[in-house]
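Here the structure comes first, spelled out in structure tokens, and everything after it is commentary.
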Number of protein chains: 2
Amino acid sequence: MKFESATIKDIAKALNLSTSTVSRALRGSYEISSETKKQVLEYAEKINYRPNPIALSLKERRTRAIGVVVSEIANNFFSQAINGIESIAYNRGYHVIITQSHESHEREKVNVEHMAARGVDGLLISLSSESVDIAHLRELHEKGMPIVFFDRVSDEIETHTVTANNYWGSYHATEHLIYQEFKRIAHITASPHLSITRERLEGYKDALAKHNIPFREDLIRYCPHGGMKVPEVEEAIGSLMKAKNKPDAFFGGGDRLTMTCFGILKRMKLKKEPGFIGFTNTAVGDLFSPAITVIKQPAFEIGQSATEFLIQMIESKRPITEFQHKVLETELVIRESSKKEAVAKREA
Amino acid sequence: MKFESATIKDIAKALNLSTSTVSRALRGSYEISSETKKQVLEYAEKINYRPNPIALSLKERRTRAIGVVVSEIANNFFSQAINGIESIAYNRGYHVIITQSHESHEREKVNVEHMAARGVDGLLISLSSESVDIAHLRELHEKGMPIVFFDRVSDEIETHTVTANNYWGSYHATEHLIYQEFKRIAHITASPHLSITRERLEGYKDALAKHNIPFREDLIRYCPHGGMKVPEVEEAIGSLMKAKNKPDAFFGGGDRLTMTCFGILKRMKLKKEPGFIGFTNTAVGDLFSPAITVIKQPAFEIGQSATEFLIQMIESKRPITEFQHKVLETELVIRESSKKEAVAKREA
DNA sequence: TTCGGTGCCGGAATCGTTTGCGCAAATAAA
DNA sequence: TTTATTTGCGCAAACGATTCCGGCACCGAA
């Protein structure tokens, strides 16, 4: 089974011209008589000629494609970010190749290497939770591959980054819970070496400090798989609820994590329902019971900005030395799950 | 900014050999002395040589990549199906290129053409809701491009298809609502020329007929954008609720549609809460209020089967003439939203 | 010594496209 | 008429890899 397409040679043969003439005619070179041009153009149109992008890539050493690595597309944040990426890329004439790391460092590496070999012009990446060692990226970066980090960034590579303001998002969320008079706020978060984990943890800590609530390490739980493995989260919550002083509120540190967490807590049917808040970009937070308070990230815009930076790098003649670190604000959407009165009422 | 890689020429030059010898040595040809082979292999390893896939594609006229077109990745069904596709593809040594049509026929066409030109070895496609005319696919198919339809299929092209048993899924869902004593079941569904729309409508009709409930066209609403445009669904529901005889239950015909519908109904805060059921693969249906009854499709398996068929077609020596139409069973997950008693209780 | 065979390797074509260079004919200038 | 310039086009190399074809050297056999 193969699939043949018309080539420049077919045109040349049919019109008794050389391939070079045809090529030049197609791109409207001034060296070709307008009559020949017309002939070629018409015939090309007739047989629906399309230049072979593979041959072009080989020749020009560029593909007009950008590669994307996210952990999961089945994650509201990432699917929205991808839509942002596409919106810019298509307008600028780039195609987007999406891959998933499934939070696996190995998978991330394989994907990145394949896309690099395949000749993408640049890479947009949000690190997997397993990625401590990013030698595979550094190597590529040193060879000149444009790379932009978004969401989960690394400072081991000097380049543009685009993130949400995780610190303030987390700070405000935590402060909101404090205002609602929750005293023992547990923070269920992802792998501690992710930038987002650290930033969100800092915001949480600082909000506590601001309100003179001592930070307690035993209220923090790290789930390296970021909510993908339910037992991991169950274990985290279980251990928290077994303690003498149970938390009275939970704060989820990522999209999947927030969902998983919320589900587990709900299924536990606790007598004393805890307050809940989480980072997630779900569109249906108000359909939940209780309607869930969320920190929403400007995912679409993050995708857009990252893509703009990347294309700018790709198309720049000289190496870039000044890098930007764009930070976009989050939005706290307050609903029922974080309100003390609401919680109290549901318990009554 | 460019990105250079070692080539076979570099090896040849360094070792004072010809490129042909190096090429042969790398693939272990018997015509090359074991000594030369060793040299070449070692040097290749040392400089971390990787064959250029673009050059290979040009030569071999295959890319070991398969293209996927879905309407939205931010759709639980599709993201799960894509995971199924990847699980098979990667094991068989194929890469997966994901594109979204956003329910636009034009976008679908552009994506398909680009992937074809780019040289994917085959195509996995679930049609956009706008795609009535599929000339772009037929043309490709006639030129020999292997294509497998999944989920939203077309009978205009003779090929393998993989779908959920939409008819029975819909039949059982409808029957379930009937058993729960709902009398006027509205069906909010997608574009009428999608195969899934037709199949689900048939199941709905036949279940009504089986229970001697007359089918009423005025209980059906088509939303061509499949729930992507909220106003469209609001209008549909609004018009149904304005009628003298309001529906007492709603049945959503697709993933996005079900979510959108459910949200709108909830926000309407109706005195008399209608029964609800819908096709969706959401993982969090039990977190909703009320917990939502769903028809779940075996999305992952659909993705897997479709990919197996496709790779089989790609690797087949002779044209395939016998096509399979695989149908996988759906699962009805009954929760609160469809239970008459529950609805009554919530109303009390 | 010559012939056939084998082992090992290089030359060159090929995939589809672009492009530097050169060449012939036509036109313009001398 | 001769020389210079322009116009219009073809040849061939290049991108990176594979592969057909052929060649050289060395061996044993006749």
Side-chain angles (χ1 to χ4, degrees), chain A residues 2-41 43-44 47-65 114 116-121 143-144, chain B residues 2-41 43-44 47-65 114 116-121 143-144:
Chain A
K2 67 182 38 157
F3 161 78
E4 309 279 349
S5 243
T7 77
I8 222 170
K9 276 191 195 166
D10 300 330
I11 304 184
K13 207 166 296 170
L15 265 44
N16 244 328
L17 290 168
S18 74
T19 60
S20 25
T21 305
V22 175
S23 172
R24 275 183 270 250
L26 287 171
R27 24 202 68 249
S29 160
Y30 65 97
E31 314 187 68
I32 306 296
S33 73
S34 50
E35 202 177 336
T36 310
K37 273 187 204 165
K38 198 166 134 256
Q39 269 194 27
V40 171
L41 260 359
Y43 188 75
I47 65 170
N48 193 27
Y49 167 79
R50 293 275 174 279
N52 180 329
I54 300 184
L56 281 181
S57 296
L58 183 59
K59 186 114 241 289
E60 298 178 3
R61 341 194 79 218
R62 64 175 295 171
T63 52
R64 296 199 76 84
H114 175 255
R118 202 72 242 162
V120 293
D121 293 343
K143 283 194 199 163
Chain B
K2 66 182 41 155
F3 161 78
E4 309 279 348
S5 241
T7 76
I8 221 170
K9 276 191 196 166
D10 300 331
I11 304 184
K13 207 167 297 171
L15 267 42
N16 245 327
L17 291 168
S18 74
T19 60
S20 22
T21 304
V22 174
S23 173
R24 274 184 274 250
L26 287 171
R27 23 202 71 249
S29 159
Y30 66 96
E31 306 187 77
I32 305 296
S33 73
S34 49
E35 203 176 337
T36 310
K37 273 187 203 165
K38 196 163 138 260
Q39 267 193 28
V40 171
L41 260 359
Y43 189 74
I47 64 169
N48 194 28
Y49 167 77
R50 294 274 173 280
N52 181 330
I54 300 184
L56 283 180
S57 296
L58 183 58
K59 184 115 240 295
E60 298 178 3
R61 340 194 78 215
R62 64 175 296 170
T63 52
R64 296 199 73 87
H114 176 255
R118 199 76 238 160
V120 293
D121 294 341
K143 284 196 198 161

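Chain letters run A, B, ... following the sequence lines, proteins first and then strands; every chain starts at 1.
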statement: Testing D:dA12, D:dG16, C:dG10 for proximity to the side chain of B:Lys59, the answer is D:dG16

- prompt: Going by heavy atoms closer than 4.0 Å, what residues in residues 49-57 of chain A are next to DNA chain D?
  reply: none

message: Please report the interatomic distance NZ(A:Lys37) to CD(A:Glu35), rounded to the nearest 0.5 Å.
response: 12.5 Å

- prompt: B:Glu35 has an atom CD; how far is it from atom P of C:dG7, in whole Å?
  reply: 17 Å

field: Passing option when B:Tyr49 is tested against B:Leu26, B:Val22, B:Val40, B:Leu41 for side chain to side chain contact (heavy atoms under 4.5 Å, CB included)
entry: B:Leu26

message: Just N and O in the side chain of A:Arg61: are any of them under 4.0 Å from OP1 or OP2 of D:dG16?
response: yes

query: When rounded to the nearest 0.5 angstrom, what is the spacing between CG in A:Asp10 and OH in A:Tyr43?
result: 7.0 Å

- prompt: Could you give the distance from CG (B:Leu58) to CG (A:Leu56), rounded to the nearest 0.5 Å?
  reply: 10.0 Å

- request: Rounded off to whole Å, could you give me the CD1-to-C1' distance for the B:Ile11 and D:dT18 pair?
  value: 14 Å

statement: So the side chain to side chain donor-acceptor pair (under 3.5 Å) pairs with at least one residue in residues 19-29 of chain A (sequence neighbours excluded) are A:Ser18-A:Ser20, A:Ser18-A:Thr21

- prompt: A:Leu15 CG to D:dG10 P: how many Å, rounded?
  reply: 10 Å

message: If the cut-off is 4.0 Å, is B:Lys37 near the phosphate of C:dC8, judged by side-chain N/O to OP1 or OP2?
response: no

- request: Using heavy atoms and a sub-4.0 Å distance, could you list which residues of residues 22-34 of chain A are near DNA chain D? By number, please.
  value: A:Arg24, A:Glu31, A:Ile32, A:Ser33

- prompt: Expressed in angstrom and rounded to an integer, what is the separation of B:Ile47 atom CD1 from D:dG16 atom P?
  reply: 12 Å

Using nucleotides 24-28 of chain D, report all nitrogen or oxygen pairs with the protein that are shorter than 3.5 Å.
none

Test side chain to side chain donor-acceptor pair (under 3.5 Å) applied to A:Arg118 - qualifying residues, sequence neighbours left out: B:Ser57

- request: Please state whether the phosphate of C:dG10, meaning OP1 or OP2, lies under 4.0 angstrom from any side-chain nitrogen or oxygen of B:Thr19.
  value: no

- request: Using whole Å, report how far CD1 of B:Ile8 lies from C1' of D:dA14.
  value: 16 Å

field: Approximate separation, where rounding is to 0.5 Å, of A:Asn52 CG and B:Arg61 CZ
entry: 8.0 Å

task: Starting from the 5' end of DNA chain C, give me the residue, B:Ser20 or B:Leu58, whose nearest nucleotide shows up first.
output: B:Ser20

field: Presence of A:Thr7 side-chain N/O under 4.0 Å of C:dG16 phosphate oxygens OP1/OP2
entry: no

Rounded distance (Å) that lies between atom C1' of C:dT17 and atom CG of A:Leu17: 16 Å

message: Does D:dC9 have OP1 or OP2 under 4.0 Å away from a side-chain N or O of A:Thr21?
response: no

query: Below 4.5 Å, heavy atoms only, C-beta onward: do B:Leu17 and B:Thr36 meet side chain to side chain?
result: yes

- line: When the rotation axes relating C1' atoms of four end pairs to the next four are compared across the helix from C:dT1-D:dA30 to C:dA30-D:dT1, five pairs an end, they differ to 10° by 80°

- request: Write down the distance between CZ (B:Arg62) and C1' (D:dG16), rounded to a whole number of angstrom.
  value: 18 Å

statement: Taking every heavy atom of B:Ala117 against every heavy atom of A:Pro53, the minimum-distance pair comes out as O-CD, 3.0 Å

message: Would you compute the distance between atom NZ of B:Lys13 and atom OG1 of B:Thr7 and round it to the nearest 0.5 angstrom?
response: 7.5 Å

message: Please find the pair of heavy atoms, one from B:Ile47 and one from B:Ala6, that lie closest to each other, and give the distance.
response: CD1-CB, 3.6 Å

message: How close do A:Asp121 and A:Arg62 get, counting heavy atoms only, and between which atoms?
response: OD1-CA, 3.3 Å

- request: Could you tell me whether A:Asp10 contacts a base, only the sugar-phosphate backbone, or nothing, with contacts defined as non-hydrogen atoms closer than 4.0 Å?
  value: nothing

